[in-house]
Amino acid sequence: MKNLFNNRSRALIAGIASLALLTACGSESDNMSEEPTTEWDRIQEEGKLTVATSGTLYPTSYREEGTDELTGFEVEVAKEIGKRLELEIEFTELGFDEMLTSVQTGQVDMAANDIEVTEDRKENFLFSTPFKYSYGTAIVRKDDLSGIETLEDLKGKKAAGASTSVYMETARSYGAEEVVYDNATNETYLRDVAIGRTDVILNDYYLQTLALAAFPELNITIHPDIKYSPSEVGVVMNKDNTELAENVNRVIEEMIEDGTVTEISGEFFNGADVTKKVDIEE
């Protein structure tokens with residue numbers, strides 16, 4: 001009788017232990033299933049998109065004078081993307097090179113700062129549907145065009161800009177000496193050309209025209225004969241974040257179709273519609 005009791009006790013204890021183990025496993029499984037399984041799941045759970053931008057590139061990303069409000073063409077495009085995806089947008093202000101590194105390492109979800117789509121960058125990043133089309137121009141000194149007639153004359157000239165921008169790549173390819181700034185304002189770039197500290201700024205046509213209009217007193221102009229490299233611009237995302245890209249593309253295409261991007265463009269580019277493709281003679 002004693003042995004029978006002991007056997008029954010052992011069986012009961014074993015059953016309770018097994019039930020507890022199964023319950024624990026079930027709880028662990030439930031907890032695991034509640035955790036985000038993709039970056040897009042994480043973004044939706046947190047309810048926000050982190051976006052890298054410079055805050056110093058007029059009119060793409062800047063702070064209005066006398067205010068602390070971040071605005072600009074791509075800042076407002078990013079805000080509208082967030083609104084349509086029902087996500088808060090959290091901006092992080094970084095230098096150009098640091099933006100791309102931050103996207104690649106997952107420190108931010110997206111970068112929006114007039115970043116041109118290139119084949120090299122497409123190997124390392126995902127780009128959204130393009131929403132800005134332009135081409136390259138050159139800012140030079142007004143009185144002597146900085147001694148530059150064609151792109152071939154860039155050899156030996158001091159070209160100002162971000163080291164990894166496509167415009168600096170163009171300058172280097174023609175033998176220019178690069179002068180790199182750490183997230184400097186447009187005024188710093190432009191004044192340095194005007195006083196001869198540098199010779200040329202290669203950049204996007206729309207950005208250059210507005211930068212010049214902001215500082216009419218400076219001895220600088222857009223070179224009348226240099227036009228090159230038709231370009232496309234979109235927001236940049238991590239190569240692995242395909243779900244985010246799909247959702248961002250969906251709303252950008254809606255925004256282009258319903259005229260929202262055109263409206264934002266007109267506000268920041270003096271009425272110009274940068275969503276229209278350009279055709280230049282190179």
Side-chain angles (χ1 to χ4, degrees), residues 38-40 42-43 49-54 57 60-61 72-75 77-78 80-82 84-85 87 89 91-92 94-137 151 159 161-174 178 180 183 202-207 227-257 261 264-265 274-280 282:
T38 68
E39 281 299 291
W40 177 239
R42 175 191 60 77
I43 289 167
L49 266 177
T50 52
V51 180
T53 193
S54 67
L57 183 61
T60 290
S61 170
F73 173 63
E74 288 198 42
V75 168
V77 168
E80 183 65 21
I81 290 170
R84 296 191 184 209
L85 291 177
L87 296 169
I89 297 293
F91 291 103
T92 299
L94 300 171
F96 183 84
D97 297 344
E98 194 177 355
M99 285 180 214
L100 297 181
T101 301
S102 295
V103 170
Q104 199 163 35
T105 58
Q107 293 175 281
V108 297
D109 301 313
M110 201 162 75
N113 203 71
D114 202 59
I115 302 174
E116 184 177 337
V117 181
T118 67
E119 291 305 315
D120 286 345
R121 286 178 184 158
K122 283 165 70 174
E123 291 180 5
N124 298 303
F125 301 95
L126 291 176
F127 278 88
S128 72
T129 298
F131 50 79
K132 177 175 178 282
Y133 297 88
S134 189
Y135 59 89
T137 54
L151 288 173
S163 180
T164 57
S165 73
V166 294
Y167 300 105
M168 187 59 82
E169 289 173 13
T170 298
R172 280 195 297 265
S173 72
Y174 283 98
E178 64 181 281
V180 177
N183 208 27
L202 300 186
N203 211 328
D204 166 81
Y205 166 74
Y206 291 110
L207 298 185
K227 297 178 182 180
Y228 57 94
S229 300
S231 62
E232 300 179 354
V233 166
V235 295
V236 183
M237 292 158 283
N238 187 282
K239 187 78 172 178
D240 297 325
N241 208 344
T242 55
E243 283 186 278
L244 172 61
E246 289 168 5
N247 283 281
V248 167
N249 286 341
R250 173 175 56 80
V251 297
I252 286 177
E253 286 158 18
E254 290 173 0
M255 290 161 60
I256 293 172
E257 181 67 25
V261 182
I264 297 172
S265 168
V274 299
T275 68
K276 303 298 183 184
K277 292 186 178 182
V278 297
D279 183 21
I280 64 170
E282 293 193 78

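Values below: all heavy atoms of this structure, side chains included; hydrogens, waters and symmetry mates excluded.
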Asker: What pair of heavy atoms forms the shortest contact from Val180 to Ser163, and how long is it?
Answerer: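 Scanning both residues, the minimum pair turns out to be CG2-CB, 3.9 Å.
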Asker: Drop me the distance from Asp240's CG to Thr38's OG1, to the nearest 0.5 angstrom.
Answerer: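 So the CG of Asp240 and the OG1 of Thr38 are separated by 11.5 Å.
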Asker: Nearest 0.5 Å, please: how far is CG in Asp109 from CG in Leu244?
Answerer: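 Between atom CG of Leu244 and atom CG of Asp109 there are 6.5 Å.
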Asker: Does the plane of the ring in Tyr167 sit parallel, tilted or perpendicular to the ring in Tyr228? Use 30° and 60° as the thresholds.
Answerer: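 Geometry flag for Tyr228 against Tyr167: perpendicular rings.
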Asker: How long is the straight-line distance from CG of Leu151 back to NZ of Lys227, given to the nearest 0.5 Å?
Answerer: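 Those atoms lie 13.0 Å apart.
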Asker: About how many Å separate OG of Ser231 and NZ of Lys277, when rounded to the nearest 0.5 Å?
Answerer: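 Lys277 NZ to Ser231 OG: 12.0 Å, rounded to 0.5 Å.
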Asker: Between Val108 and Met99, is the side-chain contact (heavy atoms from CB on, under 4.5 Å) condition met? List the steps.
Answerer: CA-CA 8 Å; Val108 297; Met99 285 180 214; over 6 Å; no
Asker: Begin from the C-alpha positions of Val233 and Ser134 and carry the test side-chain contact (heavy atoms from CB on, under 4.5 Å) through to its verdict.
Answerer: CA-CA 8 Å; Val233 166; Ser134 189; over 6 Å; no
Asker: So which of Asp204, Thr60, Thr275 actually passes side-chain hydrogen bond (donor to acceptor under 3.5 Å, both in side chains) with Lys132?
Answerer: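 It is Asp204, the one option of Asp204, Thr60, Thr275 that forms the side-chain hydrogen bond (donor to acceptor under 3.5 Å, both in side chains) with Lys132.
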Asker: For the side chain of Glu74 and the backbone of Asn113, is there at least one donor-acceptor N/O pair under 3.5 Å apart?
Answerer: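 Pair found, side chain donor or acceptor close to backbone of Asn113.
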Asker: Over all heavy atoms of both residues, which pair between Tyr133 and Glu232 is shortest? Give the atoms and the distance, please.
Answerer: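 That closest heavy-atom pairing would be CE2-CG, 3.4 Å.
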Asker: Measuring from atom OG1 of Thr129 to atom CD of Glu254, what distance do you get when rounded to the nearest 0.5 angstrom?
Answerer: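 Going from the OG1 atom of Thr129 to the CD atom of Glu254 covers 11.0 Å.
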Asker: Once you round to the nearest 0.5 Å, how far does OG1 of Thr164 lie from CZ of Arg121?
Answerer: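 Interatomic distance, Thr164 OG1 to Arg121 CZ, rounded to 0.5 Å: 6.0 Å.
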Asker: Let's go through Ile43 and Asn241 carefully: what are the C-alpha distance in whole Å and the side-chain angles of both, what is the deciding distance for side-chain contact (heavy atoms from CB on, under 4.5 Å) to 0.1 Å, and is it a yes or a no?
Answerer: CA-CA 11 Å; Ile43 289 167; Asn241 208 344; 4.0 Å; yes
Asker: Under 3.5 Å, is there a donor-acceptor pair between the side chain of Ser265 and the main chain of Val274?
Answerer: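 A pair under 3.5 Å: yes.
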Asker: Could you pull out all residues at least two apart from Glu39 that satisfy salt bridge (charged side-chain N to carboxylate O under 4.0 Å, His left out)?
Answerer: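 Checked Glu39 against salt bridge (charged side-chain N to carboxylate O under 4.0 Å, His left out); matches are Arg42.
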Asker: Over all heavy atoms of both residues, which pair between Ala112 and Thr53 is shortest? Give the atoms and the distance, please.
Answerer: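 Minimum heavy-atom contact is O-OG1, 2.8 Å.
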Asker: A side-chain contact here means heavy atoms from C-beta on lying under 4.5 Å apart; do Ser54 and Glu98 qualify?
Answerer: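 Not touching, per the 4.5 Å side-chain cut-off.
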Asker: For atom OH of Tyr205, is the number of surrounding heavy atoms from other residues, nucleotides or ligands below 6.0 Å larger than 12?
Answerer: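 No, because the 6.0 Å sphere around OH of Tyr205 holds 12 heavy atoms or fewer from other groups.
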Asker: Is there a side-chain contact between Val166 and Leu202, using heavy atoms and a 4.5 Å cut-off?
Answerer: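 No, their side chains stay 4.5 Å or more apart.
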Asker: Are there over 12 heavy-atom neighbours, none belonging to Lys239, within less than 6.0 Å of that residue's NZ?
Answerer: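 Yes, the 6.0 Å shell around NZ holds more than 12 heavy atoms from other groups.
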Asker: Could you check whether any side-chain N or O of Thr105 sits under 3.5 Å from a backbone N or O of Thr101, counting only pairs where one atom can act as donor and the other as acceptor?
Answerer: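 Judged by distance alone, yes, a pair lies under 3.5 Å.
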Asker: Do you know the tightest heavy-atom contact between Ile256 and Pro130?
Answerer: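 Taking every non-hydrogen atom into account, CD1-O, 3.6 Å.
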Asker: Give the minimum heavy-atom separation between Phe125 and Leu100, together with the two atoms involved.
Answerer: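 Scanning both residues, the minimum pair turns out to be CE2-O, 3.3 Å.
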Asker: side-chain hydrogen bond (donor to acceptor under 3.5 Å, both in side chains) for Thr118 and Glu116? Distances and angles first, verdict last.
Answerer: CA-CA 6 Å; Thr118 67; Glu116 184 177 337; over 6 Å; no
Asker: Salt bridge or not between Glu80 and Arg84? Use side-chain N to carboxylate O under 4.0 Å.
Answerer: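 The answer is yes: the pair qualifies as a salt bridge.
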Asker: How close do Val117 and Lys122 get, heavy atom to heavy atom, and via which atoms?
Answerer: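 Closest heavy-atom pair between Val117 and Lys122: CG1-CD, 3.6 Å.
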Asker: Run the side-chain contact (heavy atoms from CB on, under 4.5 Å) check on Phe127 and Ile115 step by step: do they pass?
Answerer: CA-CA 9 Å; Phe127 278 88; Ile115 302 174; 4.1 Å; yes
Asker: Test your reading of the model: is there a side-chain donor-acceptor pair from Ser102 to the backbone of Gln107, 3.5 Å cut-off?
Answerer: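 Between the backbone of Gln107 and the side chain of Ser102 there is no qualifying donor-acceptor contact (under 3.5 Å).
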Asker: Check whether Ser128 reaches the backbone of Val235 with its side chain - one donor and one acceptor, N or O, closer than 3.5 Å.
Answerer: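 Here the side-chain-to-backbone pair exists.
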Asker: Could you check whether any side-chain N or O of Asn238 sits under 3.5 Å from a backbone N or O of Gln104, counting only pairs where one atom can act as donor and the other as acceptor?
Answerer: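 Yes, because the side chain of Asn238 sits within donor-acceptor range (under 3.5 Å) of the backbone of Gln104.
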